[in-house]
Amino acid sequence: MSGPRHFLDLADLSRDELVHLLGRARRLKEGREEAGRALEGTTLALIFRKSSTRTRVSFEVGIHQLGGRGIFLSDRDTQLGRGEPIPDTARVLSGYVDAIMIRTHAHDEAEELARWSAVPVINGLTDRCHPCQLLADLLTLEEEFGGEEPGAGLEGLKVAWVGDGNNVANSWLNACSLLGFQLSLAVPEGHDPDPEFLARARATGGVELVRDPREAVEGAHVVTTDVWASMGEEDEAEARREHFEPFRVTADLMTFARPRAIFLHCLPAHRGEEVTARVIDGPASRVYRQAENRLHAQKALLLELLT
Ligand code: CP
Ligand code: NVA
């Protein structure tokens, strides 16, 4: 008997499924597909064991626009926060709701939740990856560089990741494996992405890992970065600041990219750390479009998982 369809990692989708989902997200955004109240009566539980602005609001608004409702569950006011086991939480919630989104620290927790859940589980960020973020980022690339056919036009792109080899970088590696664009990562020594994600992407041939941000950014269509210390790494923030200094995305670094290159950041951002205000608030920046795209991409995801 097959269980529910989960979305824990971008690699849970085939290339065709990803391209289809991005196409649907774009049609929904542009009003070329009417979803109406396709998820009328549907409930999505939203478990947040870490803070969030975009993920929470885009999922809550997304399910609401589709006729369903979201229930926000934080550690502060659930029994999960007091140590109730994940398998119990999964089985209890499965009796009430139609899908569960979880944002947590250890990726194993999301996997355990999925193992015990009778309804689809969506990864809203773990220490390992952030697949929902990449749906929005890829939708943004589709809008900026895509052709008539969804998925077409992205193969020839060069994306430069500058900074920490973190959860978002890992998901960029998945995206590069699935869609075949070139991904060049400039990461400080000791902060490489997860070897498993790297190996998978290397097998498809489109990835390089370098230590010089200029080398990564050279000729790039897209330059992207993220915070130097992710949630849960606050204790390391001070020590990382000095080590990551050469990995700041500055206007000078952007001159190595293509003349019309765009800048992306999943947000929240620290101006003056991983990116200067001149870049993130400048003409190359697409960060607010990228953030808005969380809504459209996740509506498409919810429709795919729940209808
Ligand atoms: N990019 C992102 O996931 O933002 P939040 O932490 O605000 O959800
Ligand atoms: N890498 C960041 C992303 C936040 C959306 C973190 O995990 O905190």
Side-chain angles (χ1 to χ4, degrees), residues 1-13 39 41-64 66 68-135 166-171 174 193-197 200 227 229-236 266 268 294 298 301-307:
M1 216 175 70
S2 69
R5 182 86 202 263
H6 303 299
F7 182 64
L8 298 182
D9 190 336
L10 209 59
D12 289 341
L13 300 177
L39 298 184
T42 299
T43 306
L44 171 69
L46 297 147
I47 301 175
F48 281 94
R49 315 201 75 180
K50 285 177 175 173
S51 304
S52 169
T53 296
R54 282 142 288 268
T55 305
R56 176 182 177 181
V57 178
S58 56
F59 267 113
E60 285 202 26
V61 171
I63 187 98
H64 171 74
L66 294 168
R69 65 165 302 199
I71 299 183
F72 174 71
L73 302 167
S74 80
D75 264 10
R76 217 179 7 202
D77 34 41
T78 55
Q79 299 293 4
L80 186 62
R82 296 180 57 247
E84 182 166 12
I86 292 268
D88 284 352
T89 304
R91 285 176 288 187
V92 169
L93 290 181
S94 294
Y96 302 143
V97 304
D98 303 280
I100 307 170
M101 190 237 73
I102 181 165
R103 165 169 288 199
T104 190
H105 294 272
H107 189 77
D108 291 355
E109 254 183 40
E111 286 184 334
E112 190 179 26
L113 187 75
R115 224 170 15 254
W116 291 95
S117 171
V119 299
V121 173
I122 298 169
N123 175 2
L125 178 145
T126 63
D127 290 348
R128 194 168 145 88
C129 55
H130 196 2
C132 290
Q133 181 65 50
L134 259 288
L135 295 180
N166 64 13
N167 43 7
V168 180
N170 288 335
S171 287
N174 275 344
D194 186 298
E196 214 182 285
F197 286 75
R200 216 184 309 158
V227 289
S230 285
M231 288 181 276
E233 295 173 338
E234 288 80 4
D235 292 353
E236 289 179 44
C266 64
R294 294 291 305 272
Q298 287 159 198
L301 175 69
L302 290 170
L303 289 168
E304 293 297 326
L305 293 178
L306 295 173
T307 55

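Note that these values count all heavy atoms, side chains included, but never hydrogens, waters or copies made by symmetry. One-based numbering along the sequence shown.
Shown here for P120 and R5, the closest heavy-atom pair between the two residues is CB-O, 3.0 Å. Closest of all the heavy-atom pairs between H105 and G232 is CE1-CA, 4.3 Å. S94 and W116 make their closest contact through OG-O, 4.5 Å (heavy atoms, listed as atom of the first residue, atom of the second, distance). Of all heavy-atom pairs spanning L46 and E60, the tightest one is CD1-CG, 3.4 Å. Closest of all the heavy-atom pairs between C129 and H107 is SG-CE1, 3.7 Å. Here the closest heavy-atom approach between residue S117 and residue I100 is recorded as OG-CD1, 3.9 Å.
Not one N or O on the side chain of R69 forms a donor-acceptor pair closer than 3.5 Å with the backbone of I63. With hydrogens and angles ignored, the 3.5 Å screen pairs no side-chain donor or acceptor of E109 with any backbone N or O of A106. N166 contributes a side-chain N or O that, together with a main-chain N or O of A169, makes up a donor-acceptor pair within less than 3.5 Å.
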- [ ] Please lay out, stage by stage, how E111 and R128 fare under the test salt bridge (charged side-chain N to carboxylate O under 4.0 Å, His left out).
- [x] CA-CA 11 Å; E111 286 184 334; R128 194 168 145 88; 5.3 Å; no
Open item on the list: Using side-chain contact (heavy atoms from CB on, under 4.5 Å), reason through Y96 and I71 one step at a time and then give a plain yes or no.
Closed with: CA-CA 11 Å; Y96 302 143; I71 299 183; over 6 Å; no
Task: Intermediate values then yes/no, side-chain contact (heavy atoms from CB on, under 4.5 Å), F59 and L302 - done: CA-CA 9 Å; F59 267 113; L302 290 170; 4.2 Å; yes
TODO: Give the C-alpha distance, both sets of side-chain angles, the deciding distance and a yes or no for side-chain contact (heavy atoms from CB on, under 4.5 Å) between F7 and L13.
DONE: CA-CA 8 Å; F7 182 64; L13 300 177; 3.8 Å; yes
Task: Pair C132-I122, side-chain contact (heavy atoms from CB on, under 4.5 Å): steps then yes or no - done: CA-CA 8 Å; C132 290; I122 298 169; 3.7 Å; yes
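Under the 4.5 Å side-chain criterion, counting only non-hydrogen atoms from C-beta, T307 is in contact with L39. Inter-residue side-chain proximity for R103 and H130 is flagged as met; some heavy-atom pair is nearer than 4.5 Å. Counting heavy atoms from C-beta outward, R54 and P268 have side chains that approach closer than 4.5 Å.
Here the CG atom belonging to D194 is positioned 5.0 Å from the CG atom belonging to N170, to the nearest 0.5 angstrom. A distance of 11.5 Å separates CG of D98 from CG of L93, quoted to the nearest 0.5 Å. To the nearest 0.5 Å, the span separating CG on N167 from CG on L134 amounts to 10.5 Å. One finds the CD atom of Q298 at 7.5 Å from the CG atom of L135 (value rounded to the nearest 0.5 Å). How far CG of L10 is from OG of S171: 6.0 Å, rounded to the nearest 0.5 Å. To the nearest 0.5 angstrom, I47 atom CD1 is 8.5 Å from T104 atom OG1.
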